[in-house]
Structures are given as structure tokens and as C-alpha cells.
Amino acid sequence: MSASVPDTVRQMKTECTFCGRHFEVPVEYNGGTADCTSCGKTFVIAPRASHLLDGLNPEQIDAVTAPEGYVRVIAGAGTGKTRVLTRRLAYLIEELHIPADEILSVTFTNKAAREMDYRIRHLLGDSVRSRVSTFHGFCNTVLREDIHHLFYPNSFTIMDEEDQKLLLREIYAEMGLSSRDFSYKEVKSAISLFKKDTGYVADVVSPDASALRQGLSGEPMPRIIGAYLWKQRKNYFLDYDDLINFTLYLFATDTGVCGKWQDRLRYIQVDEFQDVNASQYELVTLLSGKHGNLFVVGDPDQTIYEWRGASVRFFLDFPAEKTVLLHRNYRSTPEILNTSNNLISHNKWHIENPLDALKERGVTPVFFSADWEHSESDWISRRLQEQHAKRPYSDCAILCRSLFLTRKIEEALVRKSIPYHIYNGTDFYKRQEIKDALCYLRLADGDDDLAFLRVVNTPRRGMGKKRISMLKEVAERDGVSLFRALSSLIGDRMFCQCSDFVALVERSRQQAAAGEAVSELLNAMLKDSGYEAAVMFEGDQDRKNNLEELKHAVYNLEKEAGEPVSLHDYLAQIALYSEREEERGRDSVKIMTIHAAKGLEFPCVFVAGLNEGTLPNSHAIRPEEVEQERRVAYVAFTRAEEELYLSCDNPERFNFSGDKMELSRFVNEIFPTINTEERK
DNA sequence: ATTTTCGAGATTTTT
DNA sequence: TCTCGAAAAT
């Protein structure tokens, strides 16, 4: 492909060393000389921003300084991908003088976004405000500003999975169905499929939304979907799929809004591009449609999210004007890389990009197979104790294909009293008590039926199924929210237990409107509702701590912001913001799934459960699925810096579905490159 | 209205 | 084997 890249002359700032006058000169002059137009003397252009390219290898520099346009960086594991992204961002800001807020960096996780933000501040100083965001976070920003163009309020509510379930449960009740007829999982995937294939957004945002009710009738499943959409629409709920779909629809139908964002974001860079799905791809191409600056980084061999709609083809078919290959691996020893390269080369579908090891020789990966007498988890814990002699436990990680596999390992570690921490993804804002607390706040912010349903009977206020359904009827009849309905019925003896609750919410709403601090509000609501007392009574220390932590988090946020944060803004942010989990467990072994370990690295890595049916997973045995499983294993192996330990459960055993847990084919594929440990 | 019991079903997970 | 959700029992 010979697409000619417009070779814009890039300018950099410099100043005359004699008279101090400021200039812009072409970047190529960096370190050379120039004649001052003011005093006429020849001065040396101080090499600027050389630190931006410090310690980078030629390919990395090539990527960082790549010209504008469509650039693709194929970066193998451990080749400094994140580094390139950060430096590129710094390069754009420092060298090309692009205002930081005209560059959008997209990541997949909040964690990665925070990491990126931290790094760029470290490089350029705290004052730099660059836009680093997840796909969903960015869409949220867009919609909070512009969704009113679709006749939706900017104060829409984001539903998480639990909210979705509540909604479905409600629909089941109305339609007289039970989860036996249709499992939630089934319905959820039907809904997301429906949302993927149709222009449903147009129906949802049309002023009367009548199409929703008429168009979907007859068969139960379409009716469920229709009811779901209708409920969403009625309450202005968006789920995570909607966030991106609405943004796409908005951009497609309103050229003004689309143009505004295109103008605003002159440069876009995307990390982990091998994991984008169709809508995400559409979003970034649309956004970069005007300025045409799209810089994507990824590794086809680390595509492990195909099951949720990702496709590498967007990365492979990327219309790149320039492609840079990174293959110098800084992370792992040659032995570990040898094993990893060996494994991945068994994929038919694979781009030749073997990693070059830069590290010194180390130790050969060790493999252990459990039997009836010697369990896998015992072997791992023995090896861990051995490791502890030379490094802290926190340098070790145990990676599993599935979360439930961690339980057995956990038991063994407890027995040997090895400190550990399981990263199970249930982050702070997903915990029950946190969600309950936030629902109280949501209720103070405005009528929110989901929040209402969640907290109206926690703590118990005698609101069971029957009274709730009565309430729903009244609400439906009068066309008001559940809370309104309840407050109008408060004289009724049946609902008298709730009078305090209603009073509390009313009072809180007034306080919120009067600009009361969120922390005060939260404190008061938790106390007066009796929620805190209920948690205390149940005596679960963890939950108490979590509540305290939430209060602290709110308080800190207010202190940091320096100005009062409105309840509304706070809630709008919170749904997409999940707090750090890192500080936990200082000197403890990290246990996590392979998927969760992506993007991380550890000196010493244990990969457990190398059995057929586990890795590769029994749900993924079609040839192309096995290739993905192989990539999962590849990701696991390449997390290791110095030592890699592989193990499998007793291959003679049978799992719960009656299959023999034979040795994983992946072990056979890498046999020449590993040492097998004898059982003793 | 809440607690107990029984049976089906069973990755990976971000937002 | 374990966990979750809905029917049955209190």
C-alpha cells in the first residue's frame, strides 16, 4: 500500500540563547543551529524534549514520532507498548504543540486510564490535562453534554448489571413468567444481540416511542425485549451497550454534534486495539473522520476477548499509512520467551512476530503434574515458600483460567499461612452495601424506581411482594414514580411503616437542592434510615468498613475538588468510576484470572490448571476457539519476568461434567522448552 | 413476610 | 461440588 502521508512540517518551540526571543522551528532542527531573526546571531537550538525519546529503541522511536494519519503499532508482549503510548502523547503535546485536551486516549479499563494519566503527569507535570478515557467513559461525557439533541435528559441514569436484572425480574412478574421459561442469561444475550443488529435507538428516542410497544408483540422473547426497552425509555435508563449505541446514533443523525466532537479531538490513540468490537471501531473511525489522526496499538496474539464481540480483524485490516512492529522484549528471560513463542506458533492464524529477548539467560520454566497423593495447590505453596527466600510474596502471582479454581489454591495457602490476595474483580462500587448506600443518594437526587425498589425494604420496612405490586399498580394508574405513589399512600395503615422513610427522602431532597454537601447527606441518610444500624446489628466487619470507606471517599473527593460537589454530578460520575483495589495486601501473593492479569507483569508467575477442559476451557473446543484459548495461555506465560511455573491438576480425575481432566494439549506443545518436576 | 428447602446449572469480564 | 433462584413452608 502506498498511501502518501502528507508530510506536514512539525514545529517545535525554542528560544534564542542571546536575546531570549521565542521561535518555532521545524522539529528536524532539534539540536542544530538557527539564526535569530531578532538579534541576528546564530544560536544552538537546545535539544528539547530529548527526554521523550530517552531509552527508547529505534522501533519505539519510529512509533512515537510517527507522522500524523493512520498509524498502527503491532506490539508484542513486554515490548513497551504502554511506554510508546505515553511518549507519543507527550510528543504530541511537547513537540507538535497540540493542546492536551485535543488528544483523546482510549483504553479499555478505568485502571489502564488512571495508569496512563498518572504516567503522563509524571512525564509532563501535574498541570497537563489530557483526555484519557475508556470507551464508555468517553461516551458518557458526550451524552451528558449532548444527549438532549435526542430529546433525552442529560441526567439519564446508567444501569449496571444488577439494575438490569431487577428490571427483568419486574418484567417477568408482569408477564407471569419465571426464570425457568427464560433464563436471565438467555434474555440478556437476546437483548444485547437485538441491540447490536437493529437501529433500535431510533425507536427508543422517537418522541412517543410508540413503535416500541406495537412493533414487538406475539412471541414471548420479543415481548420481553420490547418491555425492557420500554421500561428503559420511560425511566431514561441507559445500559452500557446503550452508552455507545446512543453516541453512535447521535453522531450519525446530528452532523452538528458529530462535527463538534470531531473538531475537538484532533488526535486519537487507542490501546489494546486488538480487542475493539464493531461499535468501538465505528466510534473511533467516526471521531477521527475529519482530522484523520488515529494511532492504534495492540497485539494480535493477545486477543482474548472475542467472546464479547471483539475482533482482531479491525486491527489487521486497519487502513494504516504506517505500521511499526515492536518485537524487542524487555520483560522476560529468553527461556520464558522461548516457551511462549513456541506455544503461540502452534496457532494457524498467527502473524510471525517472534519476540527477541533482551534479558540475560535465566531458568527454564518448570512443569508439575499432580496425582492422587500430591496436589497441585500443595506444590504451588511449597514453591511459593521457596520463592519467599529470595523475593517478597508480592512479586509472585498465581494465574487461573477461571475464578473458581482459585478456591482450592486459597485453601492450601491458608493451610501454609502464606499471605495472599484474590483479585476477583468485585470492585468497591459493586459491593452490596455500597450500592445500597448509593441508591439512597440516587433517591435523594430524583425519582428513580430502581433505586427505590432496592432500598425501600432494606432495612426491613414490611414491604414485601404484595405491597410492592400494589404500589406499582397505583404508580402505573396515576402515571407517577413508585416513590410518589408511596408518599401519596402514606396515610394508609398498610404503608405506615414507611412514613419515616418517605420523610427522610423528602428531607434529603430539600437538603440536596439547598446544596448540602454530599458527605453530610450520605451520613444523615445512612443513619436516619437505619441502614447503618442494620449493618451494625448483623455485625459484618467488612461491610461496616466498606461503608466507612465510602464516606471517606466522598469526603476526600469534596476536599480535593475544593468546591462543593453537587449530588447530581457526583452520581453521574460514580456509575463509571471504580476505585483502586491496589493497596490491599502488601506482602501477599496475588491470585487472579488470566484475563485480569492482562497488561500486568510479575517476577514470578504460576499458571495453574493446565488441564484439558480448563485451559483450553471445555466451552471452547472448536478449532478457532482453541486458538483463542492458546492466546489466553500465551498471555499468562508472557506475564512472567524471571520465573515461570506451570502446573496441572491430577490428569486422572474427572470433573463435575464427567470428563477426564487430561493434560492440556498446550503442555505437550511446549514440552521441549520446559523441565518436568518429579513428584516427591 | 420471611425462612427453608430443593433442584438446576455451571467461563473468561469491562463499563 | 457449589451456588443461586424460586417454590414451599412457617
Side-chain angles (χ1 to χ4, degrees), chain A residues 106-113 133-141 143 158-166 168-169 172-173 177-186 188 192 238-245 247 271-272 275-277 279-280 302-310 399-408 411 423-427 429-430 457-469 494 497 573-578 592-599 609 613-621 625 628-629 631-633 635-636 653-659:
Chain A
V106 189
T107 59
F108 273 79
T109 63
N110 274 321
K111 204 175 158 196
S133 177
T134 59
F135 280 102
H136 289 88
F138 173 72
C139 291
N140 187 42
T141 312
L143 293 180
I158 298 176
M159 297 192 292
D160 66 12
E161 261 174 26
E162 229 167 303
D163 295 331
Q164 291 171 35
K165 217 178 205 172
L166 273 171
L168 281 181
R169 206 172 287 175
Y172 276 29
L177 291 167
S178 86
S179 64
R180 283 222 198 103
D181 306 315
F182 298 98
S183 72
Y184 288 121
K185 210 182 144 191
E186 198 181 336
K188 246 184 69 181
S192 89
L238 297 193
D239 64 22
Y240 292 112
D241 284 341
D242 298 327
L243 233 35
I244 193 156
N245 290 335
T247 308
D271 193 9
E272 307 279 14
D275 283 331
V276 296
N277 63 30
S279 1
Q280 290 162 338
Q302 293 189 60
T303 310
I304 55 173
Y305 284 109
E306 274 172 343
W307 48 271
R308 66 180 195 206
L399 309 183
C400 303
R401 173 65 235 259
S402 327
L403 206 53
F404 70 86
L405 294 170
T406 61
R407 309 198 95 237
K408 259 189 287 175
E411 278 166 26
Y423 293 76
N424 63 355
T426 341
D427 49 24
Y429 286 99
K430 273 197 191 136
N457 208 27
T458 32
R460 302 258 136 85
R461 294 187 186 90
M463 289 296 284
K465 248 196 203 148
K466 204 159 176 188
R467 287 178 191 175
I468 292 285
S469 69
M494 204 177 255
Q497 279 183 79
Q573 283 167 36
I574 218 76
L576 288 163
Y577 186 75
S578 48
M592 60 182 87
T593 64
I594 298 170
H595 292 264
K598 191 165 170 214
T614 308
L615 183 61
N617 196 280
S618 49
H619 293 267
I621 38 155
E625 290 173 325
Q628 182 172 213
E629 292 294 300
R631 289 193 290 264
V632 172
V635 168
R653 274 202 10 211
F654 292 83
N655 66 8
F656 56 74
S657 47
D659 298 324

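Every chain is numbered from 1 and lettered A, B, ... according to where its sequence line falls, protein lines coming before strand lines.
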[X] [atom1] - [N] [atom2] separation (whole Å):
X        : N      : atom1 : atom2 : result
A/Lys466 : B/dT2  : NZ    : P     : 14 Å
A/Asp239 : B/dT13 : CG    : P     : 20 Å
A/Asp659 : B/dT11 : CG    : C1'   : 15 Å
A/Gln302 : B/dT12 : CD    : C1'   : 15 Å
A/Arg308 : B/dT12 : CZ    : P     : 13 Å
A/Leu615 : B/dT11 : CG    : P     : 15 Å
A/Leu243 : B/dT14 : CG    : C1'   : 12 Å
A/Met592 : B/dT13 : CE    : C1'   : 15 Å

Short question: side chain of [X], backbone of [Y] - any donor-acceptor pair under 3.5 Å?
X        : Y        : answer
A/Glu629 : A/Asn617 : yes
A/Gln280 : A/Asn277 : yes
A/Ser402 : A/Leu405 : no

Atom pairs, protein N/O to nucleotides 4-6 of chain B N/O, distance under 3.5 Å:
none

[X] side chain: which of [options] is closest?
X        : options                : value
A/Glu629 : B/dT14, B/dT11, B/dA1  : B/dT11
A/His619 : B/dT11, B/dT13, B/dT15 : B/dT11
A/Asn617 : B/dT15, B/dT11, B/dT13 : B/dT11
A/Arg467 : B/dT15, B/dA1, B/dT12  : B/dA1
A/Lys165 : B/dT11, C/dG5, B/dT15  : C/dG5

Contact class for [X] vs. all strands (heavy atom < 4.0 Å): base, sugar-phosphate, or nothing?
X        : answer
A/Tyr184 : sugar-phosphate
A/Lys408 : nothing
A/Arg407 : sugar-phosphate
A/Asn277 : nothing

Checklist entry - Does the aromatic ring of A/Trp307 sit over the six-membered base ring of B/dT12, closer than 5.5 Å centre to centre and tilted less than 30°? => result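 Here A/Trp307 meets both the 5.5 Å and the 30° conditions.
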Can you tell me if [X] touches the phosphate of [N], counting only side-chain N or O atoms and a distance under 4.0 Å to OP1 or OP2?
X        : N      : value
A/Asn457 : B/dA1  : no
A/Thr593 : B/dT13 : yes
A/Lys185 : B/dG9  : no
A/Asn655 : C/dT1  : no

Next on the checklist: Between the base of B/dT11 and the side chain of A/Arg401, is one N or O donor paired with an acceptor at under 3.5 angstrom?
Outcome noted: no
Heavy atoms, side chains only, cut-off 4.5 Å: are [X] and [Y] in contact?
X        : Y        : answer
A/Phe135 : A/Val276 : yes
A/His619 : A/Trp307 : no
A/Met592 : A/Leu399 : yes

Checklist entry - Using purine N1 to pyrimidine N3 plus N6-O4 or O6-N4 for Watson-Crick, or N1-O2 and O6-N3 for G-U wobble, both under 3.5 Å, which nucleotide pairs with B/dT3? => result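 Check on B/dT3: paired to C/dA8, both distances under 3.5 Å.
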Item to check | Any-strand Watson-Crick or G-U partner of B/dT11, both distances under 3.5 Å | outcome: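 By the stated definition (distances under 3.5 Å), nothing pairs with B/dT11.
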Checklist entry - Who pairs with A/Glu186 by side chain to side chain contact (heavy atoms under 4.5 Å, CB included), at least two apart in sequence or on another chain? => result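 Checked A/Glu186 against side chain to side chain contact (heavy atoms under 4.5 Å, CB included); matches are A/Phe182, A/Ser183, A/Met221.
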Item to check | DNA chain B: 5'-proximal contact among A/Thr109 and A/Phe404 (nearest heavy atom) | outcome: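 Result of the comparison: A/Phe404.
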Checklist entry - Nearest nucleotide by nearest heavy atom, which residue falls closer to the 5' end of DNA chain B, A/Ile468 or A/Ala620? => result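 Nearer the 5' end of the strand: A/Ile468.
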Checklist entry - Which label fits B/dT11, syn or anti, where anti is any glycosidic angle not within 90° of 0? => result syn
Roughly how many Å apart are [M] and [N], using the [atom1] atom of each and rounding to a whole number?
N     : M      : atom1 : value
C/dG5 : B/dT12 : P     : 15 Å
C/dC4 : B/dT13 : P     : 15 Å
C/dT3 : B/dT14 : C1'   : 23 Å

Checklist entry - Parallel, tilted or perpendicular: which describes the rings of A/Tyr172 and A/Tyr184, with under 30° parallel and over 60° perpendicular? => result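 Ring orientation of A/Tyr172 relative to A/Tyr184: parallel.
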Next on the checklist: If you compare all heavy atoms of A/His595 against all heavy atoms of A/Ile304, which two are closest, and at what distance to 0.1 Å?
Outcome noted: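 Distance-wise, the nearest heavy atoms are CE1-O, 3.4 Å.
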Checklist entry - After noting the C-alpha distance and the side-chain angles of A/Asp275 and A/Lys598, does the key distance pass the salt bridge (charged side-chain N to carboxylate O under 4.0 Å, His left out) rule? => result CA-CA 12 Å; A/Asp275 283 331; A/Lys598 191 165 170 214; 2.3 Å; yes
